[in-house]
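Okay, structure first, notes after.
Hydrogens, waters and symmetry mates play no part in the numbers below; they use all other heavy atoms, side chains included. Because the structure is a prediction, the values reported are computed rather than measured.
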Amino acid sequence: MNEYELIVSRTADELNGIMKVSPAQRAKDTVKKLLGRSVRSKDPMFWPSGMLMLGLTEASSNCKDNPELDKKIHAALEDHFKLWQNNYGSRIRFIDDALAGYCMLRLGEKERLEIFNAGWEVVRDYLKTAKVDKLGSFIYNPGMNNRNIFADGIGMATLFMAADVISKLMAGESSFEDNTQNDLHYYNESDYVAIMGKMYTQFMNYHMYGRDDNSGLLYHGYQVSVDKKTVSKEVTCERKGLLGWGRAHGWMMLGMSEAAMLEMEIDKRSTTFQGKSAFNIRPWFRELCDTAVFYQRKDGGWSWQINAVDGHIDMSATGMIAYSIAKAYESGLFDGDDKEKEILKNSLIKAKESMLSHVNEGIVTDALGSCDDFAVHYQNYGNYPWGQGAVLAALSVINRIE
């Protein structure tokens with residue numbers, strides 16, 4: 001196997017074993033829980049699994065000429081899906097599960113693996129009724145009686161929502177001999193217009209309350225309060241967490257890249273589509289890309305706090321940011337701007353070299369460990385599902401556009 005194939009094989013192995021917890025690991029989790037620290041979730045579709053699924057979903061397009069590896073990819077994905085169905089009743093517990101939902105949507109719609117269709121439809125239904133704050137943004141972990149908005153949840157939810165609408169646009173394109181504006185409206189009934197409206201709300205609110213105007217960097221999250229006693233219903237905001245946390249930047253870019261592609265697809269078909277918004281996602285996404293390039297390290301990666309370029313490198317942030325740029329590049333989002341395309345392609349080449357330099361026999365190293373809360377980032381680095389999956393996803397797309 002070459003280096004890329006070793007990463008694919010290792011990622012499949014990690015997904016196969018992610019729900020298998022040894023007695024020693026259970027004991028560690030008990031101690032961590034007593035100390036008030038986060039422990040692994042019993043949810044098979046929680047975001048660490050989702051990140052491994054993302055890597056394998058992207059790799060599935062690259063491994064068609066390797067039947068053995070292609071079979072291993074699909075077996076890992078299907079076995080994990082069946083485990084979720086049979087042992088957990090296809091239950092969606094968190095907004096984080098939208099990342100796995102995106103993978104199921106991609107596998108069902110593009111890979112024609114019908115087994116996954118029932119899965120992503122459950123995620124869609126969950127997001128329809130997921131709790132939101134007074135301004136309509138998805139609350140992260142509302143069971144904790146908080147109103148916190150996290151970049152993590154917004155990025156994963158909008159990634160799925162944008163892909164859901166794109167899949168219907170593509171269905172319309174392939175289902176009619178003469179694709180017209182009427183076909184677009186047929187595939188965007190009230191449900192899909194509502195999805196678009198909710199998706200734009202997430203971005204508009206985060207741009208307003210989670211972004212630093214001076215630097216363009218993002219806070220990890222925020223919380224708003226609305227004073228209903230005033231005529232204007234005055235909004236106050238408390239920004240939370242680090243400014244420039246690498247994975248927060250990556251999460252937002254993940255959702256925005258898909259949403260920007262959705263805007264591009266809509267523009268190809270109709271200028272009067274009722275789901276469009278006065279808020280344009282693409283300029284902000286390009287700003288995030290430019291910010292990422294500005295803070296890219298000399299070694300091609302991104303630090304755990306991206307503006308701390310001399311800080312510890314983080315392969316999870318590096319993979320997520322590189323993947324988002326590469327996916328948008330592959331879709332043609334930057335076509336028409338040769339200078340920007342050259343800058344971004346050079347950035348991706350550097351990122352690829354950096355990612356490969358942090359791989360040992362298929363194992364991705366130097367990913368920042370879990371985040372327990374706003375600004376609680378234990379400086380533990382190693383092999384984690386979110387680093388393994390993000391790097392594989394990024395390398396898969398970069399390999400296709402080189």
Evaluate the criterion side-chain contact (heavy atoms from CB on, under 4.5 Å) for residue pair Leu348 and Glu402; output intermediate values, then yes/no. CA-CA 9 Å; Leu348 290 173; Glu402 271 190 318; over 6 Å; no
Should Tyr384 and Met51 be marked as a side-chain contact (heavy atoms from CB on, under 4.5 Å) after you check the CA-CA gap, both sets of side-chain angles, and the distance that decides it? CA-CA 10 Å; Tyr384 295 98; Met51 197 61 83; over 6 Å; no
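Using a distance-only test at 3.5 Å, with no hydrogens or angles considered, a donor-acceptor pair links the side chain of His80 to the main chain of Pro44. Checking side-chain atoms of Asn16 against main-chain N and O of Ala12 turns up a donor-acceptor pair under 3.5 Å. A donor-acceptor pair under 3.5 Å is absent between the side-chain atoms of Glu263 and the main chain of Ala259, judged by distance alone. Put simply, the side chain of Ser49 never gets that close to the backbone of Met45: no donor and acceptor are under 3.5 Å apart. Asn383 places a side-chain N or O within donor-acceptor distance of the main-chain N or O of Val364, the cut-off being under 3.5 Å.
Trp84 and Asn87 share no side-chain donor-acceptor pair at under 3.5 Å. When only modelled atom types and interatomic distance are considered, Tyr140 and Asp96 share a side-chain donor-acceptor pair under 3.5 Å. Looking only at atom types and distance, the side chain of Tyr323 has no donor-acceptor partner in the side chain of Ser396 under 3.5 Å away.
Put simply, SG on Cys63 and NE2 on His74 are 9.5 Å apart, with the number rounded to the nearest 0.5 Å. We find the CE-OG distance between Met264 and Ser331 to be 4.0 Å, quoted to the nearest 0.5 Å. In this structure, the separation between CZ on Arg91 and CG on Asp97 is 10.0 Å, given to the nearest 0.5 Å. Rounded to the nearest 0.5 angstrom, Asp314 CG and Leu368 CG are separated by 5.0 Å. Between atom CD1 of residue Ile325 and atom CG of residue Leu333 there is a gap of 11.5 Å, rounded to the nearest 0.5 Å. The distance from atom CZ of Phe150 to atom OG of Ser137, rounded to the nearest 0.5 Å, is 13.5 Å.
Side-chain atoms of Leu262 and Met199, non-hydrogen and from C-beta on, do get closer than 4.5 Å to each other. Residues Gln305 and His377 have side chains not in contact (no heavy-atom distance under 4.5 Å, counting atoms from C-beta outward). Between Leu218 and Trp251 the shortest side-chain heavy-atom distance does not fall below 4.5 Å. Looking at Met208 and Val235, their side chains never come closer than 4.5 Å, going by heavy atoms from C-beta outward. Met252 places a side-chain heavy atom less than 4.5 Å from the side chain of Ile154. Looking at Met355 and Val359, their side chains never come closer than 4.5 Å, going by heavy atoms from C-beta outward. You'll find the side chain of Asn62 reaches within 4.5 Å of the side chain of Arg400, heavy atoms only. The closest side-chain heavy-atom distance from Leu159 to Leu99 is below 4.5 Å.
Salt bridge Lys72/Glu68: absent, no basic N to carboxylate O contact under 4.0 Å. Residues Glu258 and Lys327 are paired through a salt bridge, judged by an N-O separation under 4.0 Å between the basic side chain and the carboxylate.
With sequence neighbours excluded, the residues forming a side-chain hydrogen bond (donor to acceptor under 3.5 Å, both in side chains) with Asp299 are Arg297, listed by chain and number. Partners of Lys341 under the salt bridge (charged side-chain N to carboxylate O under 4.0 Å, His left out) rule, at least two apart in sequence or in another chain, are Asp335. Every residue two or more places apart in sequence or in another chain was checked for a salt bridge (charged side-chain N to carboxylate O under 4.0 Å, His left out) with Asp290, and none qualifies. The side-chain hydrogen bond (donor to acceptor under 3.5 Å, both in side chains) test applied to Ser347 returns Gln296, not counting sequence neighbours. For Gln85, there are no side-chain hydrogen bond (donor to acceptor under 3.5 Å, both in side chains) partners two or more places apart in sequence or in a different chain. By the side-chain hydrogen bond (donor to acceptor under 3.5 Å, both in side chains) test, Ser354 pairs with no residue at all, sequence neighbours left out.
Between Trp386 and Trp47, the ring planes are tilted. Angles from 30° to 60° get that label. Ring geometry for Phe334 versus Phe285: interplanar angle under 30°, hence parallel rather than tilted (30 to 60°). Classified by interplanar angle (parallel below 30°, tilted 30° to 60°, perpendicular above 60°), the ring pair Trp284/Phe203 is perpendicular.
A side-chain contact (heavy atoms from CB on, under 4.5 Å) with Met261 is found for one member of Ile166, Ile266, Ile281 and no other, namely Ile166. Each of Glu5, Gln388, Glu361 was compared with Arg10 under the side-chain contact (heavy atoms from CB on, under 4.5 Å) criterion, and only Gln388 meets it.
The nearest pair of heavy atoms linking Trp302 to Thr318 is N-OG1, 2.9 Å. Scanning all heavy atoms of the two residues, the minimum distance from Met19 to Tyr88 falls at CE-OH, 3.6 Å.
When ring centroids are compared, Tyr209 and Tyr219 stay outside the 6.0 Å threshold.
A 6.0 Å sphere centred on CD of Glu287 holds more than 12 heavy atoms belonging to other residues, nucleotides or ligands.
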